[in-house]
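Right, one structure below, let's go through it.
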Amino acid sequence: MNSTGLARLVLAIAFAALSFSVAGCATTKPQDEPLVEKAVQAPEPPSQSKVAPKLVVLIVLDQLGSWVLEQQLPMLPSGSFIRRAHESGASLVAAYPFASTQTAPGHASLTTGVAPAVHGIVANAIYDPKLGSRQSVDDGEHAVLGNPERHVSPSRLRSETVADVLHRETGGKARIVGISMKDRSAVLPVGAHPSIAVFYDAVAHSMTTSTYYATKSRLPEWLRDFNKANPVDLLLQTWEPADPGKLEKRLGPDASPGEMYPEFPHDPREAPNPWHAFSATPESSEYLIAAAYAAVKAEQMGLDEVPDFLSLSISGTDIVGHIWGARSWEYADNLMRIDRALTHFVKLLEARGPVAFVLTADHGVAELPERAHAEGAAGGRLHGSALVAFAEEAVDLELGAGDWIAGYVPPLFTYTSAGRAQRKEISNILRKAMPKLEGVMAVYDVEDAAALRSSRSEVERLVGASLPEPAPGDLYLVMEPGWFDGLSEEGGTNHGSPWDYDRQVPVLMLGAAIERRTSSEVQDVLQVAGTLAALLDVPAPSGALGHPLPGVMRLPD
Ligand SMILES: [Zn+2]
């Protein structure tokens with residue numbers, strides 16, 4: 001097919017996903033259907049499931065806590081992908097066994113099967129004396145195509161991923177693609193040797209990659225065609241909810257205290273940077289899913305005997321969740337749009353041959369403090385500048401005026417060189433002082449990581465599991481339940497804590513080699529890597545928990 005033909009096809013797919021979304025609205029079931037009861041009587045999966053998948057797809061819904069999915073399920077239409085996976089696939093809850101519940105450590109853990117103490121990705125960003133904060137995938141070397149100021153590679157990831165094992169075991173024949181709106185979420189799950197990692201760039205105004213993947217500094221032809229056929233400026237549209245009546249009945253009024261832009265409609269073109277605001281719209285997720293399908297076709301994934309691996313991380317749930325909270329109209333409408341696009345995508349992939357889907361999340365999220373307060377629960381926002389000011393003052397009181405804290409990049413404080421010269425003293429002072437600030441539970445010196453890992457306190461063990469040696473900062477901060485790093489003065493919410501609402505995520509599996517299974521037992525999310533390995537018929541990554549999650553069939557050789 002020539003490039004014009006391919007471009008037209010890609011465009012058709014993108015718009016098929018969009019029209020599917022609109023058509024999907026009419027099929028919504030009455031909202032009071034007892035979903036949980038219905039799930040128990042769900043039919044057996046089709047017999048196609050008793051074959052080995054030729055394509056394994058990891059779908060990460062960024063920031064989908066298990067408490068959030070539980071609330072959202074009744075609003076998703078019957079027969080949609082998420083409902084289908086929940087009702088007729090394996091439907092489990094798993095917890096991250098570490099405290100730093102952020103996007104980069106979560107994505108790295110999903111496919112390495114080890115905690116940040118081992119894979120080295122503690123947080124989305126770490127303190128850098130020159131930059132203030134440096135992204136986990138910024139290597140300062142591999143430029144992003146279309147935005148040479150930005151650099152992206154997986155070089156900080158210390159552990160092999162299931163994708164690296166697949167690459168090795170198949171002698172490089174397996175096709176391996178990571179794709180997301182966020183660079184870290186595209187890059188980390190697919191390790192060192194993917195066919196490509198694709199992400200969105202708000203300066204390039206398009207999907208792109210870095211020179212780590214595109215050695216000739218050129219986008220692959222399929223990606224150039226996709227970008228040409230799907231210009232983002234046409235997708236910058238006013239966002240109106242599909243079914244305001246249903247949202248009102250389920251969730252109450254649209255505007256709620258603590259939401260950053262309380263009322264619909266929302267127009268990304270009114271934002272200071274519309275290209276950046278695009279990521280907070282449902283169109284961005286439909287665009288991403290269309291790009292993922294373009295990758296599957298271009299890389300001919302799932303068509304031959306060698307199994308292939310696609311990691312698709314949907315960032316829109318996270319960005320919308322941060323701004324409006326998980327019980328907002330915006331979150332619900334966005335998730336319905338994503339579920340519809342996924343339903344379409346899954347059908348297209350199922351038509352290609354045996355495929356297995358593993359859907360999970362990189363972390364959960366806290367409730368908006370305003371909503372928590374209204375329900376008698378605690379919670380609040382603490383800003384990095386306030387945390388640093390409080391810490392500086394506490395040390396000044398004991399040691400005299402000085403400059404002790406170089407910076408705070410969640411969840412770690414980094415000391416100045418003056419601070420490091422007296423680090424034990426300063427850590428002891430802050431250990432006593434910081435919990436006096438409302439919202440702070442405790443701080444831990446990163447040099448105590450080994451002791452923390454064998455502590456009798458669960459929180460301390462979770463902090464220890466977050467810290468590699470050497471760790472990138474000096475002092476790890478844990479906030480009280482409901483409290484978090486405030487991203488904005490105006491409202492919104494965040495994640496990153498060791499509390500269940502941030503650590504527990506759903507794992508839904510559907511398709512080839514997956515059987516119906518539910519469990520009331522909370523699983524270890526690190527088993528996702530072993531699960532993907534079993535589905536791909538390769539050994540688990542080195543150091544990972546080897547056994548798959550319940551729901552993966554043992555197939556005859
Ligand atoms: Zn995330």
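Here the structure is a predicted model, which is why all the values come from computation and not from measurement. Atoms within each ligand, like the ligands themselves, are counted from 1 in listed order. Residue indices begin at 1 and follow the sequence shown.
- Take the N/O/S atoms of D362: the one nearest the Zn ion (ligand 1) is OD2.
- Salt-bridge annotation for R381 and E370: present, with a side-chain N of the basic residue lying under 4.0 Å from a carboxylate O of the acidic one.
- Heavy atoms only, all atoms of each residue included: S109 and V114 are closest at OG-O, 3.2 Å.
- With a 6.0 Å radius and a threshold of 12 heavy atoms from other residues, nucleotides or ligands, E469 has its CD atom above the threshold.
- Summary: OD1 is the N/O/S atom of D62 found nearest to the Zn ion (ligand 1).
- Each of H86, R340, M336 was evaluated against L76; a single residue qualifies, M336, per the side chain to side chain contact (heavy atoms under 4.5 Å, CB included) test.
- Expressed to the nearest 10°, the angle at the Zn ion (ligand 1) joining NE2 in H363 with OG1 in T103 is 110°.
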